[in-house]
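What follows is one structure encoded as structure tokens, with my remarks underneath.
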Amino acid sequence: MLSAYETMTVAQQNQFKDTANKLLATTFLCRDKKDNKESYYFLMSFKDLFDEFFKILGYEINLDTASGCVMLEGASASNTLKLRRDESIILLILRVLYHEKAKDTSLNDNIVCSVADIHDKYDYLQIKRKLNKTDLVSAVRLLRRYNLIEVTGDVTSSACRIVILPTILMAIKSEDVNEVYQTISKISQEDGDKE
């Protein structure tokens, strides 16, 4: 691995560091996201070197070239992000919206929803506790940081557009949307039991 790294130019070595750090910080890369594109293609060019590097750290690179997504998977539970209840529900709702809107979208188009769509789906699920703006803004910021969504506009506005990136398919691997609904029901029911 070191010999392959040393054959790189200084610019390539810097790009390797930047890409590795970006993956460690965000877990996901999406080819269609502007600030990920260069890192995605660089990783594709030096995939074997990245595989060796991350294997030493106990990670594995999961690459889906069809959707243009990369996910860094680790075996250690200590590196797993624990989401709050509303963050989990919003992530699951976005996964459902991705599935629903993908049916009406061509392969080259982005999957877009609005904040109003999230509120509508949240209300449809009849969760006892209502979704407030603070929790929504916090969840959206978190999901954007992990390259699962892109936001255009003010999140506090119901017209705000959210691009749901295909990395969400790697974050929630369930092919059956009914499973996603069951997971949402379970989370909201557990919360109801606590109240």
Side-chain angles (χ1 to χ4, degrees), residues 25-33 36 62 64 66-74 77-195:
T26 65
T27 308
F28 299 97
L29 291 177
C30 183
R31 172 189 63 209
D32 298 335
K33 193 168 184 251
N36 284 193
N62 185 349
D64 183 355
S67 64
C69 299
V70 177
M71 180 172 84
L72 189 61
E73 293 183 275
S78 65
N79 294 331
T80 303
L81 177 67
K82 294 183 182 6
L83 299 175
R84 293 189 339 255
R85 174 190 153 300
D86 283 332
E87 293 167 345
S88 298
I89 291 172
I90 290 168
L91 176 63
L92 292 165
I93 286 171
L94 288 168
R95 175 62 179 89
V96 169
L97 288 169
Y98 186 93
H99 176 78
E100 290 174 355
K101 293 183 180 288
K103 293 177 187 175
D104 303 328
T105 309
S106 73
L107 289 174
N108 295 331
D109 290 337
N110 290 325
I111 307 296
V112 180
C113 72
S114 67
V115 168
D117 292 334
I118 294 172
H119 280 290
D120 290 346
K121 194 63 74 177
Y122 196 95
D123 293 342
Y124 170 80
L125 295 168
Q126 299 178 344
I127 298 170
K128 291 178 184 175
R129 185 173 167 262
K130 293 296 177 196
L131 180 62
N132 65 48
K133 285 183 182 181
T134 305
D135 292 337
L136 177 65
V137 169
S138 173
V140 166
R141 280 189 188 136
L142 178 73
L143 299 176
R144 181 174 48 193
R145 184 168 31 121
Y146 284 92
N147 293 323
L148 296 169
I149 60 173
E150 284 186 301
V151 180
T152 54
D154 178 14
V155 178
T156 59
S157 165
S158 60
C160 175
R161 292 173 26 105
I162 296 175
V163 176
I164 308 171
L165 299 171
T167 49
I168 201 158
L169 299 174
M170 298 178 103
I172 301 174
K173 294 180 179 167
S174 175
E175 296 298 322
D176 184 8
V177 173
N178 290 327
E179 280 183 49
V180 177
Y181 275 117
Q182 289 169 0
T183 304
I184 294 172
S185 297
K186 182 179 174 187
I187 291 170
S188 61
Q189 194 172 32
E190 287 172 1
D191 187 59
D193 294 343
K194 289 176 188 172
E195 292 176 352

Q) Can a donor-acceptor pair be found between the side chains of S67 and D64 at a distance below 3.5 Å? A) yes

Q) To the nearest 0.5 Å, what is the distance between CG (D86) and NZ (K130)? A) 12.0 Å

Q. Between D135 and R85, is a salt bridge (charged side-chain N to carboxylate O under 4.0 Å, His left out) present by the stated rule, with each step listed?
A. CA-CA 10 Å; D135 292 337; R85 174 190 153 300; over 6 Å; no

Q. Would K82 and E87 pass as an ion pair if we require N to O under 4.0 Å?
A. no

Q. Is there side-chain contact between I162 and E150, with at least one heavy-atom pair below 4.5 Å?
A. no

Q | Value rounded to 0.5 Å, distance of NZ in K133 from OG in S158 | A | 8.5 Å

Q: Taking the side chain as every heavy atom from C-beta outward, state whether C160 and V151 have any pair of such atoms under 4.5 Å apart.
A: yes

Q. So do L91 and I168 actually touch side chain to side chain, heavy atoms under 4.5 Å?
A. yes

Q. Less than 4.5 Å apart, any side-chain heavy atom of L131 and any of I90?
A. yes

Q. Could you go step by step and tell me if K121 and E100 meet the salt bridge (charged side-chain N to carboxylate O under 4.0 Å, His left out) rule?
A. CA-CA 11 Å; K121 194 63 74 177; E100 290 174 355; 2.8 Å; yes

Q: Compare all side-chain heavy atoms of L81 with those of L142 and state whether any distance is below 4.5 angstrom.
A: yes

Q: Find out whether K101 and C113 are in side-chain contact, i.e. whether some heavy atom of one side chain is under 4.5 Å from a heavy atom of the other.
A: yes

**Q.** Within 6.0 Å of CZ in R144, more than 12 heavy atoms from elsewhere
**A.** yes

**Q.** Closest non-hydrogen atom pair between L136 and H119, with its separation
**A.** CD2-NE2, 3.7 Å

Q: For L94 and I149, work out which heavy atoms get closest and say how close.
A: CD1-CG2, 3.9 Å

Q: Quick one: pull up OG1 in T152 and CG in N110 and give me the separation to the nearest 0.5 Å.
A: 10.0 Å

**Q.** Distance, nearest 0.5 Å, that separates CD1 of I172 from CG of L92
**A.** 4.5 Å

Q: Can you measure from NE2 (H99) to CD1 (I111) and round to the nearest 0.5 angstrom?
A: 11.0 Å

(Q) Testing the 3.5 Å rule here: is there a donor-acceptor pair between the side chains of N147 and N36? (A) yes

Q. Can you find a heavy atom in the side chain of R95 that is under 4.5 Å from one in the side chain of L169?
A. yes

Q | Point-to-point distance, once rounded to the nearest 0.5 Å, from CG of L165 to CE of M170 | A | 12.5 Å

Q | Nearest non-hydrogen partners of Y146 and A25, listed with the distance | A | CE2-O, 3.7 Å

Q: Indicate whether any N or O donor in one side chain lies under 3.5 Å from an N or O acceptor in the other, for Y122 and D117.
A: no

Q | Test item: L97 and I93 side chains (from C-beta on) under 4.5 Å apart, heavy atoms | A | yes

Q: Could you tell me whether a side-chain N or O of D154 sits under 3.5 Å from a main-chain N or O of T156, the two making a donor and an acceptor?
A: yes

Q: Give a yes or no on whether the backbone of R84 and the side-chain of S88 come within a donor-acceptor separation of less than 3.5 Å.
A: yes

